[in-house]
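Only a predicted model underlies this, so the values are computations on that prediction, with no experimental measurement involved. Chain identifiers are assigned alphabetically (A, B, ...) following the order of the sequence lines, protein sequences preceding nucleic acid strands; residue numbering begins at 1 within each chain. Heavy atoms only: backbone and side chains are in, while hydrogens, waters and symmetry mates are out.
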Amino acid sequence: MIGLVDCNNFYASCERVFDPRLEGRPVGVMSNNDGCVIARSNELKALGVEMGTPAFQLQPLVREGRIHLLSSNYELYGDMSARVREVLEEYSAGVEPYSIDEMFVRFDGFDRNSMLTLSRTLHRNVRKFTGIPVCVGVAPTRTLAKLANRAAKKRPEFGGVCVLEPNEVGTQRMLADTPLGDVWGVGRRLVERLALQGLHTAWDLRCADPRAIGQRYSVVLERTARELQGTPCFEMNDADDARQRIMTSRSFGRMTGDLNELRDAIRQHAQRGAEKLRHQGSLTCAVLVFLKSNRHRPDLPQYSPSTIVELPAPTNDSREILAAAQQALEHIYLRGYRFMKAGVMLLDLIDQPREQLSLLESEDDIARRERSQQLMATLDAMNQKMGRGTVRLGVARPDAAWQLRCAHRSARYTTNWQELKRLR
Amino acid sequence: MTVSAAQPSHASLARPHPAPEPCALPHPHITGRAGISGFPSPAEDYAGRTLDLNERLIKRPAATFFMTVAGDSMEGFGIYEGDTLVVDRSIDARPGHIVVALVEGEVVVKRYELIGQRPYLSSGNALYPPVAIFDLECQVWGVVRSVIHEYAV
């Protein structure tokens with residue numbers, strides 16, 4: 001069995017842990033330079049505020065005290081995410097962060113009958129220990145675990161926990177209620193094509209012949225169909241939910257502690273991630289870099305750090321993303337540890353057209369942006385024509401300005417001695 | 001007077017009983033970090049060679065938070081303005097614990113006590129009387145495991 005633990009309204013929840021006055025209030029978190037809304041509490045969603053809404057449009061509501069808008073506090077979110085992971089690691093050695101607020105937890109070899117009890121324990125302890133509310137979905141495959149998690153989140157009667165057995169009646173009803181667009185890795189265009197064949201729900205796809213699906217559509221969709229039946233086919237990176245985050249990571253052939261090798265790997269991942277980003281027309285707000293030591297070698301010292309570097313403005317420029325990723329790597333690297341895996345995650349993706357140009361932006365900035373777009377387009381075109389990796393970037397500009405406007409950032413309660421919560 | 005103070009508003013408090021049973025504190029094997037920056041202490045490698053205060057003060061890194069004391073309300077318990085509190089969220093609060101609590105939207109440090117079988121948050125300063133919490137919106141945020149008092153040198 002495999003579980004998916006998903007933090008509820010993660011950024012807003014992190015803020016609420018230290019500021020109880022935000023509890024039950026509409027809270028939004030803004031992108032770099034306070035451009036647009038990248039995270040919303042349920043209360044803010046209920047007010048009809050969409051993702052990507054420019055912050056200035058919401059100023060009247062802020063002034064009236066009806067909503068709270070905060071600058072993004074990635075140090076806090078990164079640390080809280082690591083804490084959630086750590087609590088989960090008390091229960092399973094197979095915790096795989098899927099994004100900053102979602103983690104797969106492997107329960108290989110666990111007693112199936114105890115899954116519900118265990119899931120409830122995880123649900124309770126993550127909340128109690130870290131203050132972050134989560135939902136837990138458990139099923140035999142990742143695709144089903146995603147759906148179980150969704151049910152745990154949407155249906156109050158589950159109490160935040162859902163364990164899904166593929167052959168139960170309840171499961172059938174649930175799959176029949178799930179439109180295909182809500183299935184992991186099934187994109188909008190595919191939904192339209194499938195609808196023409198009379199396939200509308202997850203249950204329809206589950207009942208289809210996987211081999212026929214594979215021939216007609218793609219191997220990936222064939223695997224999705226098998227996963228819905230309860231046969232595990234996906235590993236972590238196979239089905240990417242690229243609308244929210246892009247992750248590129250790979251295990252090394254052998255463990256390495258060499259900084260140059262790590263730099264190389266991070267460079268490749270960052271570049272590949274930036275390509276994916278441009279391909280889907282998104283911009284990223286922050287870059288997360290992680291390293292993993294080998295948990296199956298308890299004889300070696302363990303160190304699996306991660307950190308987030310916030311970009312000065314949402315971007316899809318490989319050079320900026322690379323520079324941020326390298327900076328993150330230098331920050332977390334420690335000698336004496338050997339790593340098995342390294343990866344780069346691009347967080348808080350927003351659609352390119354929604355990008356809010358900063359009011360302070362000069363003509364120089366605009367010219368630079370245009371040059372950057374041209375350069376990146378050329379880069380992608382060459383790599384597409386002549387094979388991936390034909391043109392690669394070396395070390396990026398070290399002069400990137402990391403000075404950010406973050407007028408409404410909460411304190412870095414867990415990562416800065418000067419900003420600890422003060423109590424009377 | 002009957003004691004049925006267990007209202008939902010402070011459901012997170014353990015049911016008070018006069019003599020709390022001794023409770024073993026968890027001592028998990030710490031493979032995590034120092035609790036401040038998300039990274040493990042490099043010193044862990046040298047366990048046995050040197051003493052690490054993190055190891056001594058932080059039993060459960062994922063649930064441990066540092067906070068700063070403001071004001072004089074806890075001086076009677078040896079907690080002074082500017083001190084650093086080591087707060088562990090994984091502990092269930094029992095009477096006698098120093099706790100970080102949320103009281104009507106404010107975050108405070110107080111001692112959780114029973115006075116005449118009723119739950120109170122007490123200050124360590126006669127100027128501030130104990131606050132009865134059985135009819136207040138109140139939640140325990142975490143339990144203070146230790147206080148770090150630094151002298152000017």
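- A tilted orientation is assigned to the rings of A/Tyr337 and A/Phe339, their planes being inclined by 30° to 60°.
- With chain A as the partner, the residue from B/Thr84, B/Val109, B/Val108, B/Leu102 showing the most heavy-atom pairs under 4.5 Å is B/Val109.
- Neither the backbone nor the side chain of B/Glu104 comes within contact range of chain A; no heavy atoms are under 4.5 Å apart.
- A centroid separation of less than 6.0 Å is found between the aromatic rings of A/Phe18 and B/Phe65.
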(message) side chain to side chain contact (heavy atoms under 4.5 Å, CB included) for A/Leu423 and B/Thr68? Distances and angles first, verdict last.
(response) CA-CA 6 Å; A/Leu423 306 173; B/Thr68 302; over 6 Å; no

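- Contacts of B/Leu85 with chain A are made by side-chain atoms alone, with heavy-atom separations under 4.5 Å and no backbone atom involved.
- With a 4.5 Å cut-off on non-hydrogen atoms, B/Val100 touches chain A through its side chain but not through its backbone.
- Of the two parts of A/Val84, neither the backbone nor the side chain holds a non-hydrogen atom closer than 4.5 Å to a non-hydrogen atom of chain B.
- Taking the six-membered ring where the residue is Trp, the centroids of A/Tyr333 and A/His331 are separated by 6.0 Å or more.
- Contacts of B/Ser123 with chain A are absent, with no heavy-atom separation under 4.5 Å from either backbone or side chain.
- Here the closest heavy-atom approach between residue A/Glu75 and residue A/Thr415 is recorded as OE1-OG1, 2.6 Å.
- At least one test fails for B/Arg89 against the ring of A/Phe129: distance under 6.0 Å to the centre or angle within 45° of the axis.
- With a 4.5 angstrom heavy-atom cutoff, A/Arg335 does not touch chain B via any of its atoms.
- When B/Gly71, B/Ser73, B/Gly105 are compared by the number of non-hydrogen pairs under 4.5 Å with chain A, B/Gly105 comes out ahead.
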